[in-house]
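To keep things clear, I will list the structure first and then write my remarks on it.
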Amino acid sequence: MKELLEVTKVHKRFGGVHALRGASLGVRAGEVHALVGENGAGKSTLINILAGAVRRDAGRVMFDGREVDFQTPRQSQAAGIAVIHQELATLPTLSVAENLLMGRMPSRSGWVDRAAMRRAAHDQLAHVGLHVDPRTPMRDLSLSQQQQVEIARALSAGAKLLVMDEPSSALTEYETQRLLEVVTQLRRRGLAILYVSHRMAEVFAIADRITAFRDGIYVGTVAAVATSPAAVIGMMVGRDLAVGAMPNETAGHETVLEVRGLTRRTRGDGGSRVALHDVSLTVRRGEIVGVAGLVGAGRSEVARAIFGADAFDAGEVLLQGSQVRFRSPADAIRAGVAMVPEDRKGLSLFLEEPIRSNISMVKLPTLARGGMVSRRRDRALATEQVQRLRIRTPGIEAPVRSLSGGNQQKTVLARWLAMRPKLLLLDEPTHGVDVGAKAEIYAIIRALAHDGVAILLISSELPEVLELSDRIVIMREGRVAAVLDRAQADEHSVMLHATGTVA
């Protein structure tokens with residue numbers, strides 16, 4: 001079958017970084033073609049070339065039978081390529097219809113024909129199975145509904161190729177399933193879809209063919225039915241990954257963290273509500289305790305209360321047997337408690353600052369002599385942590401923004417490893433990282449536990465909780481619903497408690 005899109009030996013440099021080194025790809029009409037690779041493999045660079053946001057240095061791109069070299073996004077769109085980015089390009093205060101038909105609104109006598117616009121929007125939304133009032137402000141829609149509006153907009157503009165960049169990264173499991181149903185419908189209508197994702201379950205649920213990139217290089221293309229997730233991961237990372245749960249023989253008997261009856265109310269315009277109610281848990285030295293539960297169950301709220309980021313109304317927090325009530329994260333850090341929050345870019349990293357200072361900032365007082373930070377000791381500390389965690393970087397003076405998502409997360413972990421904490425709170429430690437980086441982060445977490453660090457692990461990925469945890473605390477509606485040992489826990493039993501299906 002003829003390819004609608006043919007990318008052949010494309011190269012792209014950004015200064016000293018060779019982002020694409022002979023990348024190739026082909027996508028056919030009526031197929032879902034998955035593009036996979038670790039962070040930094042060149043996927044985003046190729047997407048930007050197809051979108052007209054970046055121009056290639058060498059190679060060839062053929063689309064719909066002719067060679068193209070888009071210089072602007074408008075040229076790409078006019079040719080029939082639509083890109084749905086992770087960060088949706090919607091105008092939240094405008095209506096669904098206005099977002100859908102922006103630049104193409106029907107008019108009468110020089111005025112926008114609102115009735116005709118609503119009818120046109122209604123028809124276009126029906127193509128993606130979205131049944132909402134076209135007059136609804138975009139901000140009132142869920143993320144998945146906004147995504148469907150973007151897809152409908154692409155179709156209404158005559159898109160032949162739809163490029164979807166990590167489309168499920170912010171969606172719930174139900175919303176993700178709905179998205180995959182929409183993609184299946186589009187494939188049946190003959191649309192070509194380039195589906196970029198690091199989630200293997202989605203890739204194998206939806207893709208006809210899979211192409212893997214590694215370090216900007218084309219590795220290969222395989223039919224989804226003729227391969228396996230393990231084989232595709234091997235193509236992506238070029239090495240074997242450690243998989244499966246590993247028994248933890250190093251957990252001690254000393255209780256590092258004890259939480260007793262933690263209760264917290266949140267207050268807003270609508271009054272107050274109980275965010276946490278009578279939460280109790282323990283974490284021993286060298287133990288990984290996972291916290292599982294549905295969105296809104298109170299998992300992150302527990303970690304923030306322990307760390308001093310949020311005040312709590314009742315209960316106790318004990319650190320190595322002594323009662324503590326941190327007034328701020330700075331107090332917690334001084335006591336030997338570290339936290340990696342879910343939003344690494346907003347809450348953990350100084351993106352424009354060097355990797356060096358992002359790693360060493362919590363150790364600066366110990367690096368000072370005569371009131372001045374020793375540059376030599378500062379650099380030595382950062383270099384040691386970069387090597388220890390195998391952070392892929394052109395140098396410790398490079399800005400953190402230049403790193404891939406997985407290496408940014410390892411930079412956050414490096415900061416706290418340098419501090420040598422007694423207790424480490426991890427909130428979604430592998431959010432947004434690829435499978436290779438995820439395996440490396442798992443190894444780091446296990447090594448920390450082996451060294452005696454007590455770890456409280458919060459994750460919305462149930463396989464991650466099951467793989468890493470010695471015990472699992474399951475939360476529901478701000479309460480502890482159950483505590484299961486590793487041997488008792490599987491996905492089914494955890495979900496029964498998380499959803500309240502069992503008493």
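With sequence neighbours excluded, the residues satisfying side-chain contact (heavy atoms from CB on, under 4.5 Å) with Pro229 are Met200, Phe204. Remark: Ser328 engages Ala330, Asp331 in a side-chain contact (heavy atoms from CB on, under 4.5 Å) (not counting sequence neighbours). Take Val32 and apply the side-chain contact (heavy atoms from CB on, under 4.5 Å) test, not counting sequence neighbours, and it matches Val183, Arg187, Ile193, Tyr195, Ile206, Asp208. Arg401 is linked by a salt bridge (Lys or Arg N to Asp or Glu O under 4.0 Å) to Glu352, counting only residues two or more places apart in sequence or in another chain. Considering only residues two or more places apart in sequence or on other chains, Glu181 meets the salt bridge (Lys or Arg N to Asp or Glu O under 4.0 Å) condition with Arg178. Remark: Arg153 pairs with Glu150 by the salt bridge (Lys or Arg N to Asp or Glu O under 4.0 Å) rule, at least two apart or across chains. Applying the salt bridge (Lys or Arg N to Asp or Glu O under 4.0 Å) test to Arg56 and every residue at least two apart in sequence or in another chain returns Glu67, Asp69. Not counting sequence neighbours, the partners of Ala207 by the side-chain contact (heavy atoms from CB on, under 4.5 Å) test are Ala34, Val203, Ile210.
Sorted by first and then second residue, the pairs that involve residues 12-22 and meet salt bridge (Lys or Arg N to Asp or Glu O under 4.0 Å), not counting sequence neighbours, are Lys12-Asp57. Within the structure, side-chain hydrogen bond (donor to acceptor under 3.5 Å, both in side chains) pairs that include any residue of residues 215-230 comprise Thr211-Thr221, Tyr218-Thr221 (at least two apart or interchain). Listed by first then second residue, pairs satisfying ring pair (Phe, Tyr, Trp, His ring centres under 6.0 Å) with a partner in residues 12-34 read His11-His18, not counting sequence neighbours.
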Could you list the donor-acceptor pairs under 3.5 angstrom formed between side-chain atoms of residues 70-78 and any protein atom two or more places apart in sequence or on another chain?
unit_1: Thr72; atom_1: OG1; unit_2: Gln75; atom_2: N; d: 3.2
unit_1: Gln75; atom_1: OE1; unit_2: Gln71; atom_2: N; d: 2.8
unit_1: Ser76; atom_1: OG; unit_2: Leu50; atom_2: O; d: 2.7

